[in-house]
Amino acid sequence: MALEHNAYLGRDDLGKLLRSFSLPCILSLLVSALYNIVDQIFIGNSELGYLGNAATGVVFPLLMVAMAFGWCVGDGCAAYLSLCQGKGDAQSSHRCVGSGVTMTFAASVFLMIVCGIWQEPLLRLFGASDTTIGMAMEYFTILLGAFPFYMLTNSTNGSIRADGSPKYAMLSTVSGAVTNIVLDPIFIFGLHWGIKGAAWATVAGQVLSFVLNAAYLLRKTKSFQLEKASFKPHWRVFFASVQLGISTFVTQISIVVVSLVCNLMLSHYGTLSVYGPDIPISVISIETKVYTIVINIVVGVVLGGQPILGYNYGAEKYDRVRKTYQLILATTLAVGLAATLVFELCPQLVVGIFGQGDPLYWEFAIQTFRVFLSLITFTCFIKMTSIFFQAVGEPGKATAASLIRDLACFVPLALLLPHKFGIQGVLYAGPAADAIAMLVAVVLTVRFFQQMNRQAKKD
């Protein structure tokens, strides 16, 4: 009976289904992105200024490592659950979720130990200067203690969505973010805790979201029921689901690598320029958070469509898979084009939200948004393509789409172009990588649909 609950995914109107799943997912991801963005807004407008933003900026890549593990398991479990529902396999569902929870917790403990031991070297590696290292360590030490809550929340959200409860997943994330937003000004300005206050506000929100997700999984599941035995790792099911989440892991880790390369190159060539090292790192930190908002909208649309795509692909209803893809593609292109207009026409309005700076700060910030994000529509399509392949059980293609833009293209270009163009070379690397990766993503997508059409004719 549990699997019959999701049979509507194979028959109801696709537009209505996509809206009902994607809108809560988009809001959930946007609110999730607010955790770090809100911190930067309050910190940037406090006495810490852009140096405080630079400090949180060097911490962000390490948080992305934790998120990569959580989302890898969560997105993999979500895709696996949807495929199981389409195929009518109830037994694997609870094993998948329970194993995911256990392994995510183990990974969180491992990361806490590693980051705790090598905290200062890691922060300096990601660009912390003598001016910002103290604030960065104070901020990161507090967040590090909440890694289990942070990672488990991110990993279980996908399972809750795939279980047919995207609104609950949204409620969990929104509740945590609202807690963070309310506590930030109280802790930073009211109690004068500075950057430490921003960290404690974030932790409070993460703990609340974790408690809400745990309550759902233990009591309200619709298509599976967790038991004590579920939490004993079932390796066949776990690895099958994690394979589907590998592209998410690669995507998040590639963001970390990109941040590392960016920060190193910006710090080095910033020192040789009029901007110095701290202005470029502060600006790129803001750019990363704004970029994350745009990408999260696209990711929310595709992840919202993941149960629809997975169920219908598993049930061999290929026409519904094609139509769902077309709806997702149209939305993705609209989001990318809207973002491009904002970044090209009024970047100063976006940057101004995060506080003020001197003329050199503004000059570099406007350059960054207009050049580095000039082809963000292509980036949106590339990210959409990766998650689409994940949803239809093609981890190889999903991983390839994730790797091309960030690791195969951007990193080499960011290392090479500054030798000729100075610090602006790092900015040129973004659109150049987007253009190359876009071509690869289009080829992979066309070939997949050609193959699916041949399979449909055989059936």
Side-chain angles (χ1 to χ4, degrees), residues 25 28-29 32 35 61-82 84 92-116 143-163 165 168-169 172-173 176 202-203 205-221 224-253 255-256 299 303 306 387 390 395 398-399 402:
C25 190
S28 177
L29 288 171
S32 178
Y35 275 114
L62 295 172
L63 298 180
M64 293 298 293
V65 173
M67 186 183 291
F69 280 94
W71 278 12
C72 174
V73 175
D75 288 357
C77 284
Y80 190 79
L81 281 174
S82 298
C84 286
S92 298
S93 298
H94 73 91
R95 292 174 175 172
C96 168
V97 177
S99 298
V101 169
T102 301
M103 297 308 295
T104 300
F105 177 75
S108 70
V109 173
F110 173 77
L111 286 176
M112 284 175 64
I113 294 172
V114 171
C115 293
L143 295 184
L144 191 58
F147 263 26
F149 302 108
Y150 180 58
M151 292 174 63
L152 284 168
T153 298
N154 281 298
S155 71
T156 53
N157 254 356
S159 298
I160 293 172
R161 285 195 307 272
D163 188 49
S165 298
Y168 189 96
S172 166
T173 307
T202 300
V203 168
Q206 291 170 354
V207 171
L208 177 59
S209 294
F210 165 77
V211 170
L212 291 173
N213 279 12
Y216 178 95
L217 291 175
L218 294 176
R219 298 178 185 177
K220 287 189 174 182
T221 49
F224 60 91
Q225 185 60 56
L226 292 178
E227 308 164 355
K228 286 185 178 179
S230 304
F231 297 99
K232 180 180 179 180
H234 192 282
W235 299 113
R236 180 187 64 81
V237 171
F238 176 72
F239 285 124
S241 64
V242 166
Q243 281 184 348
L244 298 176
I246 285 295
S247 65
T248 299
F249 180 81
V250 171
T251 297
Q252 299 304 313
I253 291 300
I255 292 174
V256 175
V299 170
L303 286 181
Q306 188 177 68
I387 300 173
Q390 176 181 293
T399 303
S402 296

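Note that these values count all heavy atoms, side chains included, but never hydrogens, waters or copies made by symmetry.
- Taking every heavy atom of both residues into account, Ala66 and Leu111 meet most closely at CA-CD1, 3.9 Å.
- Not counting sequence neighbours, Phe147 has no partner by the ring-ring contact (aromatic ring centres under 6.0 Å, His included) test.
- Side-chain contact between Met67 and Tyr150 is present, with at least one heavy-atom pair separated by less than 4.5 Å.
- Contact between Ser172 and Leu212 at its shortest, heavy atoms only, is CA-CD1, 3.8 Å.
- Atom-to-atom distance recorded for Met151:CE and Phe69:CZ is 6.5 Å, nearest 0.5 angstrom.
- Side-chain contact between Met112 and Pro148: present, with at least one pair of heavy atoms (C-beta onward) separated by less than 4.5 Å.
- A distance of 13.0 Å separates CZ in Phe249 from CG in Asp75, rounded to the nearest 0.5 Å.
- Using cut-offs of 30° and 60° for the angle between ring planes, the Tyr216 and Tyr168 rings count as tilted.
- The CG atom of Asn157 sits 11.0 Å away from atom CG of Leu152, with the distance rounded to the nearest 0.5 Å.
- Atoms CZ and CE, on Phe110 and Met103 in that order, are 11.5 Å from each other to the nearest 0.5 Å.
- In this structure, Leu144 and Cys115 approach most closely via the heavy-atom pair CD1-CB, 3.6 Å.
- For the residue pair Cys77 and Ser159, the shortest heavy atom distance occurs at CB-OG, 3.7 Å.
- Between the OG atom in Ser155 and the CG atom in Asn213 there is a gap of 8.5 Å [rounded to 0.5 Å].
- Across all non-hydrogen atoms, the minimal contact from Ser209 to Thr153 is CB-CG2, 3.7 Å.
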